[in-house]
Number of protein chains: 2
Amino acid sequence: MTNGKTSERLYQDVARSLVEELAAGRFPVGTRLPAERELALRFDVSRPTVREAMIALEVQGFVEVRLGSGAYVLRLPNEGDRPGFDVSAFELTEARLLFEGEAAALAATQITDEELTEVARLVDDIAQENNDPAGTERADREFHLAIARATRNSAIYNAIEQLWDLRQTSPEAALLHSKARTANVKPVVEEHCAVLDALRSRDANAARAAMRAHLAAVLDGLLFATEEQALAQARRATQAKRERYTRATA
Amino acid sequence: MTNGKTSERLYQDVARSLVEELAAGRFPVGTRLPAERELALRFDVSRPTVREAMIALEVQGFVEVRLGSGAYVLRLPNEGDRPGFDVSAFELTEARLLFEGEAAALAATQITDEELTEVARLVDDIAQENNDPAGTERADREFHLAIARATRNSAIYNAIEQLWDLRQTSPEAALLHSKARTANVKPVVEEHCAVLDALRSRDANAARAAMRAHLAAVLDGLLFATEEQALAQARRATQAKRERYTRATA
DNA sequence: CTCGTTTTTTGGTAATACCAATTTTCAAAA
DNA sequence: TTTTGAAAATTGGTATTACCAAAAAACGAG
């Protein structure tokens, strides 16, 4: 109706149209959406399809469905909810550098001996599985998440975990990450050891510095991996990025 | 079947059961879930209900449904996906202190003149609407998000935005926040001004310090608001928290 | 054993019906 | 007139059935 874009699934079209109407301010927070039967007529689909779209909105926290009453707007979509949201590997690693650096600093003041042995075990894990790329990735993730968990702050842990999940949302980013990792397995282990040592001594500043150094190295690996397959035109853009990220790291 | 818990909505029961089976490792990543018709038999519900549950899983990124083939596991549920996840106002503000501090530092090196005027306008906004609590909250949020946007890093912006959204997930936390704010409107404006000045001078360290000072003050306000209504027993816990957070801030 | 066709399985959607909770309507009663 | 309360209409919740299209599996010809 209002939009010609058609995806494979009808309920996605309906849900997307409704989200667009929400974003456009058509239905302010607290107001009631049209009835399912009415929406079925408006979109020219069956009621089960409208219900499927409704559940998609409900799961995303946009609306609350009340039996016998209707669907009421809970919140409006914001940037992150819009489609086409994928972060580059650079943005992702920059964010991790800043956030995980602070998380490591906080973790250094909170970590228990048990958690230290757990982190140490994960450092060994990544050293062992240097053959299997999938195992290495998993061990790396667990290492970083264990430190985030040691902050005893679920908001911090959740945010960092979501940054790792973001890697999967973009195939190119995931590929770039794995490519950048293969060449730098041994340095990664050493950098992880440095972080572990700082945590052991409960030195917040050292932990922050070690974590930032590690992720700065990852960032360098990404830049190198990009350059390897880049044209001269892309090389200029990379150079600009390098300037920016080295500035941010300093 | 495996679980007796029953909520208002059937599709939620089915979806929850499936998520539990995923978390239990019953269906590894990449494997196919049973067919919709089979699940309908297993859960003793109709196929539309199974489909609704399937869409809930799909929206949450757990499975990918392929026409004519089946539903395949994309990722396993993690901590943040489990129910009962709500962060305390303290955790949330501590996370913001660390993350937004770094974001402000990065923003100071990236912000444009146009964005500076935008941030300045938002500082005025919160000063104007010091009567309307809802308007104050909105202006406050926009101020912080504008700074996050100035980092030019969508991963950072998204993470900070989600921290703000987390506030709404817990009614108690939202109430505590609004209560803590009402008393401290004028100091907030001054602290925002300090952040703005640091951004204007493109001083990353000053921006980080100003933002951390602001959020440390918010944290203090939260502790005060908690104490006001706390019993002696709760007071001891608060004291422990104060020690911890002041340590983290130092 | 390989390749192409047929059959079966599986998801996608529609249509209909009925129930339960809520909301609205409206008439009876105070 | 206002209030109250029951009846009617609205709305979501679920089940049933049916049919289509795409994919996968089975199968048969070569």
Side-chain angles (χ1 to χ4, degrees), chain A residues 1 3-19 21-22 26-75, chain B residues 1 3-19 21-22 26-75:
Chain A
M1 48 163 300
N3 195 331
K5 282 181 64 177
T6 175
S7 50
E8 293 129 25
R9 237 82 93 58
L10 266 185
Y11 91 85
Q12 293 174 343
D13 291 345
V14 176
R16 184 158 33 79
S17 296
L18 289 175
V19 168
E21 291 198 64
L22 286 179
R26 181 92 175 63
F27 304 106
V29 171
T31 58
R32 213 203 67 180
L33 261 51
E36 292 178 356
R37 291 167 174 84
E38 185 182 339
L39 289 175
L41 288 179
R42 278 193 19 197
F43 290 108
D44 194 37
V45 295
S46 68
R47 183 147 89 96
T49 298
V50 171
R51 284 188 58 77
E52 292 180 346
M54 227 38 137
I55 281 165
L57 295 189
E58 192 178 23
V59 170
Q60 294 174 81
F62 292 138
V63 302
E64 169 198 20
V65 181
R66 293 205 277 265
L67 193 155
S69 179
Y72 296 83
V73 179
L74 282 183
R75 72 179 181 89
Chain B
M1 49 163 301
N3 195 330
K5 283 181 63 178
T6 175
S7 50
E8 294 123 25
R9 236 81 94 58
L10 268 185
Y11 92 85
Q12 293 174 342
D13 291 346
V14 176
R16 184 157 33 78
S17 296
L18 289 176
V19 168
E21 291 198 64
L22 285 179
R26 181 94 173 62
F27 304 105
V29 171
T31 58
R32 212 202 68 179
L33 262 52
E36 291 179 357
R37 290 168 175 85
E38 185 182 340
L39 289 175
L41 288 178
R42 281 198 10 205
F43 291 108
D44 194 38
V45 296
S46 68
R47 185 149 87 98
T49 298
V50 172
R51 284 188 57 77
E52 293 180 348
M54 226 39 136
I55 282 165
L57 296 189
E58 192 178 22
V59 170
Q60 294 173 84
F62 292 137
V63 300
E64 170 198 21
V65 181
R66 292 204 278 265
L67 193 155
S69 178
Y72 295 83
V73 180
L74 282 183
R75 72 177 181 91

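Please read these numbers as outputs of a predicted model, since none were measured by experiment. Each chain gets a letter, A, B and so on, in the order the sequences are listed, and its residues count up from 1.
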Between [atom2] on [N] and [atom1] on [X], what's the gap in Å once rounded to a whole number?
{"X": "B:Leu39", "N": "C:dT9", "atom1": "CG", "atom2": "P", "answer": "17 Å"}
{"X": "A:Phe43", "N": "C:dA14", "atom1": "CZ", "atom2": "P", "answer": "13 Å"}
{"X": "B:Met54", "N": "C:dT10", "atom1": "CE", "atom2": "P", "answer": "12 Å"}
{"X": "B:Glu38", "N": "C:dT8", "atom1": "CD", "atom2": "P", "answer": "19 Å"}
{"X": "A:Glu64", "N": "C:dT22", "atom1": "CD", "atom2": "P", "answer": "12 Å"}

Short N/O separations, protein against nucleotides 14-18 of chain D, under 3.5 angstrom:
from   : atom 1 : to      : atom 2 : distance (Å)
D:dT14 : OP1    : B:Leu10 : N      : 2.6
D:dA15 : OP2    : B:Ser46 : N      : 3.0
D:dA15 : OP2    : B:Ser46 : OG     : 2.8
D:dA15 : OP2    : B:Thr49 : OG1    : 2.7

Pair B:Glu38 + B:Arg32, salt bridge at N-O below 4.0 Å: no
Stretch residues 65-74 of chain A: residues that reach within less than 4.0 Å of DNA chain C through a heavy atom: A:Leu67, A:Gly68, A:Ser69
Output, in order, the C-alpha distance, side-chain angles, deciding distance and verdict of side chain to side chain contact (heavy atoms under 4.5 Å, CB included) for A:Arg51 and B:Tyr11. CA-CA 11 Å; A:Arg51 284 188 58 77; B:Tyr11 92 85; 5.7 Å; no
Could you grab the distance from atom [atom1] of [X] to atom [atom2] of [Y], nearest 0.5 Å is fine?
{"X": "B:Thr31", "Y": "B:Leu22", "atom1": "OG1", "atom2": "CG", "result": "8.0 Å"}
{"X": "A:Leu39", "Y": "A:Arg47", "atom1": "CG", "atom2": "CZ", "result": "11.0 Å"}
{"X": "A:Arg9", "Y": "B:Leu67", "atom1": "CZ", "atom2": "CG", "result": "8.0 Å"}
{"X": "A:Glu8", "Y": "A:Asp13", "atom1": "CD", "atom2": "CG", "result": "10.0 Å"}

Evaluate B:Glu52 against A:Glu58 for side chain to side chain contact (heavy atoms under 4.5 Å, CB included), listing each step before the verdict. CA-CA 11 Å; B:Glu52 293 180 348; A:Glu58 192 178 23; over 6 Å; no
Between B:Val14 and B:Ala53, what is the shortest heavy-atom contact and its length? CG1-CB, 3.6 Å
